[in-house]
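Okay, so here's the structure we're looking at.
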Amino acid sequence: MISTFDLTAASAKISNEHRSLRKAVSSYAAAYSLALDLESAFRALSAVAEIDQLGSEERAVYGQALMVHAATMYCRAAIEDGNGRSKIGVIKNFNDQQMQQHKDVVKFRNKTLAHFDVGAGRYGEAWTDERVVMQIVDGRLRVNFAWSRANYLAQFVGDLMELCTVALERVKEVRNDRYKILLKEIEQAPGRVVAEIKNWPFNADEFFEGLDLNAAPHNTSGVHHEWYQPRVKVGDQFEKAGDPSVTIIPGNSDGDGS
């Protein structure tokens, strides 16, 4: 029998005496959450590469939406200046060229996508251009508006895919380490702390209520493949659990949750 408990909820009730366990929970959660953002950005970029076969209207709708989503998810992970998740150095492994690409992506997101500043930065100059123009037609004066907006930018897609790849390698490495730290903290926790954790069972049916997980195994509100192919430790081996509806034990023997 496998029992599942909500460490996120339980950690909020654990006393300051055991703050290291609380920190281990939040640190692992941050690393996993950052990886999900980067993977979401990469999926969107991969989809952009497939839309050339669509009509012009569809390319405009889907291309722009995918570009904005990819930039948003990437920046949410790579700009670690908020308080929502612990910092892990997402861009730590970037070389000088990649660091410049990162700055260009952030500027594109800030100056062109999220806010208005026409022609700002490397990508912004190609993304949009708007002009008020004067025309004289048969001696009569007219004022018109000329605008150009890209559906997507191949250079941006290629650059950001490279950044996501390098950043994901870094995040998954940190996630592995934090997974091991969390396991150690749980194993060393005193009985009263374990008892507190057991007061917070995790109900998968309630958590995923309203989602057809079988129809959408990679639904972004789910736990991706860990939920469908969970692993439980048996001796020194990891084997698939028999009933995924009551099991949520992400991670393998290296602790990377993949």
Any side-chain donor paired with an acceptor under 3.5 Å for Gln100 and Asp96? no
side-chain hydrogen bond (donor to acceptor under 3.5 Å, both in side chains) with Arg131: which residues, sequence neighbours excluded? Asp129
Evaluate the side-chain proximity of Tyr28 to Arg175: yes if any heavy-atom separation is below 4.5 Å, no if none is. yes
Do the side chains of Met67 and Val157 get nearer than 4.5 Å, heavy atoms only? yes
If you look only at distance, which donor and acceptor atoms sit under 3.5 Å apart when one is on a side chain in residues 73-80 and the other is two or more places apart or in another chain?
residue, atom, partner, partner atom, Å
Tyr74, OH, His102, ND1, 2.7
Arg76, NE, Asp37, OD2, 3.0
Arg76, NH2, Asp37, OD1, 2.8
Glu80, OE1, Gly89, N, 3.1
Glu80, OE1, Val90, N, 2.9
Glu80, OE2, Ile88, N, 2.8

Is Arg122 close to Phe108 at the side-chain level, that is, under 4.5 Å between some pair of heavy atoms? no
Let me confirm one number: the CD1-CE distance from Ile91 to Met99, rounded to the nearest 0.5 Å. 4.0 Å
Asn95 backbone acceptor or donor facing Gln98 side chain under 3.5 Å: yes
His69: which residues meet the ring-ring contact (aromatic ring centres under 6.0 Å, His included) condition with it, sequence neighbours left out? none
Report yes if some heavy atom in the side chain of Lys111 is under 4.5 Å from a heavy atom in the side chain of Tyr123; otherwise report no. no
Can you tell me how far CG of Leu153 sits from CD of Glu125, rounded to the nearest 0.5 angstrom? 11.5 Å
Do any N or O atoms from the side chain of Thr72 and from the backbone of Val68 form a donor-acceptor pair under 3.5 angstrom? yes
Using 4.0 Å as the upper bound for N to carboxylate O, is an ion pair formed by Lys92 and Glu173? no
Residue set satisfying side-chain hydrogen bond (donor to acceptor under 3.5 Å, both in side chains) with Thr165, at least two apart, ordered chain then number -> none
Going by heavy atoms in the side chains, are Glu50 and Tyr62 under 4.5 Å from each other? no
Who passes side-chain hydrogen bond (donor to acceptor under 3.5 Å, both in side chains) against Gln188, sequence neighbours left out? none
Got a sec, which residues hit side-chain hydrogen bond (donor to acceptor under 3.5 Å, both in side chains) with Tyr152, two or more places apart in sequence or on another chain? Asp52
Decide yes or no for Val105 and Phe156: does some side-chain heavy atom of the first lie under 4.5 Å from some side-chain heavy atom of the second? yes
Check whether any side-chain N or O of Thr112 sits under 3.5 Å from a backbone N or O of Arg109 as a donor-acceptor pair, and report yes or no. no
Could you tell me whether the side chain of Leu7 reaches within less than 4.5 Å of the side chain of Ile186, counting heavy atoms only? yes
Donor-acceptor contact present, side-chain Gln101 to main-chain Leu160, <3.5 Å: no
Output yes when a side-chain donor or acceptor of Ser46 lies under 3.5 Å from a complementary backbone atom of Phe42, and no otherwise. yes
State, yes or no, whether a side-chain contact exists between Leu21 and Ile197 at a heavy-atom distance under 4.5 Å. yes
